[in-house]
Number of protein chains: 2
Amino acid sequence: MSTHASYHHGNLPRTIISAALDVIAESGPSALSLRDLARRAGVSHAAPAHHFGDRAGLLTAVAVQGFGFLADALAEAQRQSGDFLEVGVAYVGFAVGHPAHFAVMFRPELYRADDPELIAAKARAGESLYRGAAPFGASESGPDSQEAALAAWSLVHGFATLWLSGNLPAGLPADPRQAARGVASVLFSGRG
Amino acid sequence: MSTHASYHHGNLPRTIISAALDVIAESGPSALSLRDLARRAGVSHAAPAHHFGDRAGLLTAVAVQGFGFLADALAEAQRQSGDFLEVGVAYVGFAVGHPAHFAVMFRPELYRADDPELIAAKARAGESLYRGAAPFGASESGPDSQEAALAAWSLVHGFATLWLSGNLPAGLPADPRQAARGVASVLFSGRG
DNA sequence: GAGTAATCTAGTCAGTGTCAAGATTCACCC
DNA sequence: GGGTGAATCTTGACACTGACTAGATTACTC
């Protein structure tokens, strides 16, 4: 019942998203072509549009999935270690482990930022992030806690972005999580 | 001798780049169309290709210009204040002041990363950045200085990225430089 | 089994990047 | 000043893209 070689594909949306993630991870979102994805899935050029509406619709689905994964990863790190440093490391780990999702999620011009599902997924990820950074902020004496949380977020986000775009210098640990732990501990050390 | 309404435009490359910056700042690099730029400049659709080769060539020129501006901005902040916190603030100031350049510079897949001019401009910016971050790294006791410099870079880069993409929460200072100063001081405070 | 909704195909349109060939103008040298 | 070569721009063409419409096919439900 799975592989009809017939009219109905069976699981087109999932197949299209999966192929899209491959393309994005390899060549970035701008290299994405709905017709190419249709070709890979063995369907007609207009089939993807039926499920996602248009390009932005497809990327919205990717972003929703990404924010969901991110929320899970952060919550899991928070649950396992209780350490906000490890939540930051998990943020970088998600970015490197899901580069295609990450490449879309923080470019609202690529998708429908007002999509209800997207807003919900983003809020869930934000909550996980805030929960992970809260103890760090709370331990700050001088600056307020929001600034501390933003500093932590900025640091891990910046590190992940620079790592993924290949802009970091050589000589870092090959494992991005380990490299991130070293860099993030500069901010986190001696606190909390 | 400036405004012939004739065959030769006079200063097409500069005009094209300027128009490109407008479009990118408003709708991102993926919205860039060579034909649209040609239309805005009042020339034929293939004229831009003569100067830049192709799309990637145009974006390479934008990136080169951007890295040059960034190097200047960082060196100027370093010269004026001698404070690495202000160099970090200048990094964010550049990103917010030149959003179109910034949107291209750290996406190597958009341009020719092996272009000699680009490599030179990028190296110059890297040197300015390193010079600005060096005292911060040197003042670190525990972690090595490279990690400290990377932490500083990651923080300001991440903050700038999140600010530009509209992903930061409300309630921050309206002036991004001031907001950046607050956030960056979490990392920089009590050091150097 | 019939009727309806979901899924996919086929055809079309305007728009795009890129290439090749030709027209026009500029800059330089005699 | 006139002529030559290089630089600049135009015109035309090709394959490709996203988006839209209408219609064919299949699955679902009663």
Side-chain angles (χ1 to χ4, degrees), chain A residues 1-24 26-63 104 107-112 115, chain B residues 1-24 26-63 104 107-112 115:
Chain A
M1 37 130 63
S2 57
T3 55
H4 302 90
S6 62
Y7 206 91
H8 279 46
H9 178 279
N11 209 340
L12 231 204
R14 210 185 311 248
T15 303
I16 292 288
I17 288 185
S18 168
L21 292 174
D22 289 347
V23 173
I24 296 172
E26 196 167 341
S27 318
S30 49
L32 201 71
S33 153
L34 292 183
R35 291 176 109 105
D36 178 46
L37 297 179
R39 234 173 278 131
R40 292 175 185 231
V43 294
S44 81
H45 66 266
H50 173 70
H51 295 280
F52 300 104
D54 56 5
R55 232 182 87 104
L58 169 58
L59 291 175
T60 302
V62 169
V104 174
R107 297 205 209 146
E109 81 274 10
L110 292 178
Y111 54 80
R112 299 197 204 297
D115 180 273
Chain B
M1 45 127 61
S2 55
T3 53
H4 302 91
S6 63
Y7 205 92
H8 278 45
H9 179 277
N11 210 340
L12 231 203
R14 210 183 313 246
T15 305
I16 293 287
I17 288 184
S18 169
L21 292 174
D22 288 347
V23 173
I24 296 173
E26 195 168 341
S27 319
S30 50
L32 200 72
S33 153
L34 292 183
R35 291 175 110 104
D36 178 46
L37 298 179
R39 234 172 279 130
R40 292 174 185 232
V43 294
S44 81
H45 67 264
H50 174 70
H51 295 279
F52 300 104
D54 56 6
R55 234 183 86 104
L58 170 59
L59 291 174
T60 302
V62 169
V104 174
R107 297 204 210 149
E109 82 273 10
L110 291 179
Y111 54 79
R112 298 197 204 297
D115 180 272

message = Can you tell me how far apart NE2 (A/His51) and CG (A/Leu58) are? Round to the nearest 0.5 Å.
response =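 That separation rounds to 11.5 Å.
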ask   = Quick one: CZ on B/Arg14 to CD1 on B/Ile17, what's the gap to the nearest 0.5 Å?
value =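 If I round to the nearest 0.5 Å, the distance is 9.0 Å.
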ask   = Does B/Arg112 offer a backbone N or O that forms a donor-acceptor pair with the side chain of B/Thr60 under 3.5 Å?
value =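 Such a contact is found between B/Thr60 side chain and B/Arg112 backbone.
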inquiry  = Is there a side-chain contact between B/His51 and the phosphate of D/dA7, meaning an N or O under 4.0 Å from OP1 or OP2?
reply    =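 B/His51 to D/dA7 OP1/OP2: no side-chain N or O under 4.0 Å.
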query = Are A/His50 and C/dC8 close enough that a side-chain N or O sits under 4.0 Å from OP1 or OP2?
reply =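 So the side chain of A/His50 is outside the cut-off, no N or O lying under 4.0 Å from OP1 or OP2 of C/dC8.
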Under 3.5 Å, which protein N or O atoms sit close to an N or O of nucleotides 15-22 of chain D? Give each pair with its distance.
unit_1, atom_1, unit_2, atom_2, d
D/dT17, OP1, A/Ser33, OG, 3.4
D/dT17, OP2, A/Arg39, NH2, 2.7
D/dG18, OP1, A/Leu34, N, 2.7
D/dG18, OP2, A/Leu34, N, 3.1
D/dG18, OP2, A/Arg35, N, 3.1
D/dG18, N7, A/Arg35, NH1, 2.4
D/dG18, O6, A/Arg35, NH1, 2.9
D/dA19, OP2, A/Arg55, N, 3.0
D/dA19, N6, A/Arg35, NH1, 3.3
D/dA19, N6, A/His45, NE2, 3.4

query = Going by heavy atoms in the side chains, are A/Glu26 and A/Val23 under 4.5 Å from each other?
reply =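 The answer is no, as the side chains (C-beta and beyond) never meet within the 4.5 Å cut-off.
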ask   = Is there side-chain contact between B/Leu59 and B/Ile24, with at least one heavy-atom pair below 4.5 Å?
value =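 Yes, at least one pair of side-chain atoms sits under 4.5 Å.
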Give the table of side-chain donor-acceptor pairs shorter than 3.5 Å for residues 29-43 of chain B, with sequence neighbours excluded, one pair per line with atom names and distance.
unit_1, atom_1, unit_2, atom_2, d
B/Ser33, OG, B/Arg35, N, 3.3
B/Ser33, OG, B/Asp36, N, 3.0
B/Asp36, OD2, B/Arg40, NE, 3.1

message = Expressed as a whole number of angstroms, how long is the span from B/Leu110:CG to C/dG17:C1'?
response =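 Nearest whole value for this atom pair: 15 Å.
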query = Taking atom C1' of C/dT25 as reference, at what distance in whole Å does atom CG of B/Leu12 sit?
reply =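 Going from B/Leu12 (CG) to C/dT25 (C1'), I get 14 Å.
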